[in-house]
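Chain A is the first sequence line, chain B the second, and so forth, proteins listed ahead of strands; every chain is numbered from 1.
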Protein chains: 2
Amino acid sequence: MPDIGDLRTRCVLPIGTVIQLTDLTARQIRYYEAQDLVHPERTAGNHRMYSLNHIDTLLEIKSQLADGFSLADIKQLMHPRHREPNSDEEVRQMLRDELMNQSRLNQGSKLRQGFGFRP
Amino acid sequence: MPDIGDLRTRCVLPIGTVIQLTDLTARQIRYYEAQDLVHPERTAGNHRMYSLNHIDTLLEIKSQLADGFSLADIKQLMHPRHREPNSDEEVRQMLRDELMNQSRLNQGSKLRQGFGFRP
DNA sequence: CGGTCAATGTCACTTAACATAACATCTATC
DNA sequence: GATAGATGTTATGTTAAGTGACATTGACCG
């Protein structure tokens, strides 16, 4: 085995490869970066380079989007700064929800909807 | 974990990354390919793309070269076609030799030298 | 309904990365 | 000292990727 260091964190993948591995468009990938959801490194020539962990993140974003979350929501989930609008329990519920891949048929942002739990 | 398939065999690394990971020059990497020692895939635009297994191979070549083998030797070692000039035992000896990283101070091709074993 | 916003597509233009080919160089070996 | 193996260097062309502006689509909202 090569002495390559941590293969999951080393930024060795150009955006073209990321497109293949995630089935996202370059536009999407760059937009998610603009929204502060991924932070690829740059080459000396300013080209983005991604790690396998970045791939994971992007696939996670893709999955969350498919589940009806907005990018803002996802950002909240990834960096739980000061959880204002929802209680911790609600966040946990969201994560459980996501984990079980249920509730795929809603419209709009789940966080904005408040999960439809308050009677 | 993403459904990325076999990460060791998937050709996702451009030559620039290979240069970083192996500390070889582009010239060397392409030359080894011309000598039939590595066989990267190509993108639609004809750019070489390497897998982690290719990295292994290149590092192996680098190591063998450092041990005094010629590219022709290494090719023989990698594809033992019809072993003519040396007996099986000699080849095994070569491999043992390589494995123990001994005899680093010789000059010329080890195969051409005949290992200095015949009295 | 008309407007706004979020997410993405598309186009134009520029630069970095990579490809090939030819020639140069250095070092053993014959 | 000519030859062959391994690599450096340079020139030139093509592909991949960068940014920025504008268009589009679909929800939502007053």
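Considering only side-chain N and O atoms, B:Arg30 lies under 4.0 angstrom from the phosphate OP1 or OP2 of C:dA19. Contact annotation: A:Tyr31 side-chain N/O to C:dT8 OP1/OP2 distance is not under 4.0 Å. Between B:Arg48 and D:dT15 there is no side-chain N or O to OP1 or OP2 distance below 4.0 Å. Applying the 4.0 Å criterion to OP1 and OP2 of D:dT15, one finds that B:Thr43 has every side-chain N and O outside that range.
Toward the 5′ end of DNA chain C lies the nearest nucleotide of A:Leu65, the other residue of the pair A:Leu65 and A:Ala44 mapping further downstream.
Across the protein-nucleic acid pair, B:Glu41 atom CD and C:dC18 atom P stand 17 Å apart, rounded to whole Å. Distance B:His47 NE2 to D:dT15 P: 8 Å, rounded to the nearest Å. For the pair A:Asn46 CG and D:dG20 P, the computed distance is 10 Å after rounding to whole Å. Rounded to a whole Å, the CD1 atom of A:Ile19 is 11 Å from the P atom of C:dG9. Here C:dA7 presents its C1' atom at 13 Å from CG of A:Asp73, a figure rounded to the nearest Å. When rounded to the nearest whole Å, the span between CZ of A:Arg42 and C1' of C:dA16 equals 13 Å. The CD1-P distance, from A:Ile74 to C:dA6, rounds to 14 Å in whole Å. Note: CD (A:Gln35) to P (C:dA7) measures 7 Å, nearest angstrom.
Side-chain atoms of A:Tyr32 lie closest to C:dT8 of the nucleotides C:dT8, D:dA16, C:dA19. If you check D:dG18, C:dA19, D:dA6 against the side chain of B:Ser70, the one that comes closest is D:dA6. Out of C:dT8, D:dA17, C:dA19, the shortest distance to the side chain of A:Leu71 is found at C:dT8. For B:Arg27, the side-chain atoms get nearest to D:dT9 when compared with the rest of D:dT9, C:dT10, D:dA17.
Screening B:Thr17, B:Val18, B:Ile19 for a side-chain contact (heavy atoms from CB on, under 4.5 Å) with B:Leu21, the sole residue that qualifies is B:Thr17.
Checked by atom type and distance alone, the side chain of B:Asp67 never pairs as donor or acceptor with a backbone atom of B:Phe69 at under 3.5 Å. Looking at A:Asp73, its side chain does come within 3.5 Å of a backbone N or O of A:Ser70 through a donor-acceptor pair.
In this model, no donor atom of one side chain and acceptor atom of the other lie less than 3.5 Å apart for A:Thr57 and A:His54.
Using a cut-off of 4.0 Å between Lys/Arg side-chain N and Asp/Glu carboxylate O, A:Lys75 and A:Glu33 are scored as not salt-bridged.
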